[in-house]
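Report on the following structure.
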Amino acid sequence: MDAQIAVLGGDGIGPEVTGEAVKVLQAVAQRFGHRLVFRYGLIGWAAVDGEGAALPESTIELCRASAAILLGAVGLPARDGSLPPSERPEVKALLALRRGLYANLRPVLLHPALAARCPLKAEVIAGGIDMLIVRELNGGLYYGQPKGRTGDRAVDSMVYTVAEVERIAVVAFEAARLRRKQVCSVDKANVLATSQLWREVMINVARRYPDVELRHQYVDACAMQIVQNPRQFDVLVTENTFGDILSDEAAVLAGSLGMLPSASLGEGVTPLFEPVHGSAPDIAGQGKADPTATVLSVAMLLDHLGQGDAAAQVEAAVSADLATRAGTRSTSQVGDALAAAVSS
Ligand SMILES: NC(=O)c1ccc[n+]([C@@H]2O[C@H](COP(=O)([O-])OP(=O)(O)OC[C@H]3O[C@@H](n4cnc5c(N)ncnc54)[C@H](O)[C@@H]3O)[C@@H](O)[C@H]2O)c1
């Protein structure tokens, strides 16, 4: 494979964790004979300082010209007061970068070595947790019109079209085919018109996937089920706001924020791969950040670019590393160990 990867480190621990992930990607690329070119772009407060914008035009161009984007994180709470919320990097840069990327994929895997860090009882997690949350990322309440405030009244509109639900359903069913062939669609069809449309489209798309089992759950029940019986979930697909909340709830199950990767995919738009965690300014620059989530994001990147064997090599290296990890290791020690493991 020949490919250009846009690397956007961003703020806080972002450049530290992407640095280690690139190290691992370079090592696995060498092993599999891939020729990868890494180009670095500014995003976040570093870009505000350097170029006067949280997502400068030069970074947008770099992303357009690349096969994939590897992002660290953006945001520095200490500087929030200097810009209105809508101008801060988390809104200005991330929303722009994610435009057109309608499918957000978040695998939640509890590694046996981290079971003690999972807040659920041992009997609830016995047998392991392995689910994939597929969140619709470009529709719903966050984008629907009308939206805004007039005097003492404010409105947000939850809007979905058949086409928007169809394309995310296809992502969920295709993903399920590669897993345990079960899709749980989460909605609020007893109350919301958008959810009734969502459910109708899910049922229609399911007809094209007779080998995959589809069931439905109301979002309120699902929020309980995630902590009561997480093993029941294989692929969980849901709309933007529900997905935002449920994926953060499910993230806790993996035992550490430093473990969770994500991918955001669309058609005709450069795919984005990033850890679920933020910029962790409390530990930035101290070599304490765990790069595992970003390294696992690299595995998702490789898989998306059709390099399943290389992706599996990275995942196996992470599993082995977690199983044998002892004591406290620095960010670069973890990166070095994983790079060595994928090379051997
Ligand atoms: N996608 C993104 O860029 C993104 C996502 C979430 C938050 N943020 C931003 O990040 C900033 C900090 O937010 P926060 O503190 O709420 O969330 P956070 O995820 O940055 O940190 C939460 C806690 O987890 C720890 N942590 C996070 N990642 C870790 C890692 N890889 N290794 C070890 N420990 C880790 C942190 O030290 C902190 O104690 C804010 O400005 C927020 O807006 C950005």
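Order of appearance sets the numbers: ligands from 1, and atoms from 1 within every ligand. Sequential numbering from 1 along the given sequence is applied to the chain's residues.
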Taking atom types as modelled, find out whether [X] and [Y] have a side-chain donor-acceptor pair closer than 3.5 angstrom.
X: Ser66; Y: Gln4; result: yes
X: Gln217; Y: Gln225; result: no
X: Asp244; Y: Tyr142; result: yes

request  = Please go through Ile69's hydrophobic cluster and name the other residues, only I, L, V, M, F, W, Y counting, with side-chain heavy atoms under 4.5 Å joining them.
outcome  = Leu8, Ile43, Leu55, Ile60, Leu62, Leu71, Val74, Leu94, Leu97, Leu101, Val269, Leu272
inquiry  = Taking non-hydrogen atoms within less than 4.0 Å of ligand 1, which protein residues qualify?
reply    =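 Around ligand 1, where the cutoff is 4.0 Å for heavy atoms, the contacting residues are Ile13, Ala73, Val74, Gly75, Leu76, Pro77, Glu90, Leu94, Arg98, Leu257, Gly258, Glu274, His277, Gly278, Ser279, Ala280, Pro281, Asp282, Ile283, Ala289, Asp290.
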request  = Sequence neighbours left out, what passes salt bridge (charged side-chain N to carboxylate O under 4.0 Å, His left out) with Asp11? Give chain and number order.
outcome  =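 Here no residue qualifies.
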query = Taking only residues two or more places apart in sequence or in another chain, which ones pass side-chain hydrogen bond (donor to acceptor under 3.5 Å, both in side chains) with Arg329?
reply = Asp321
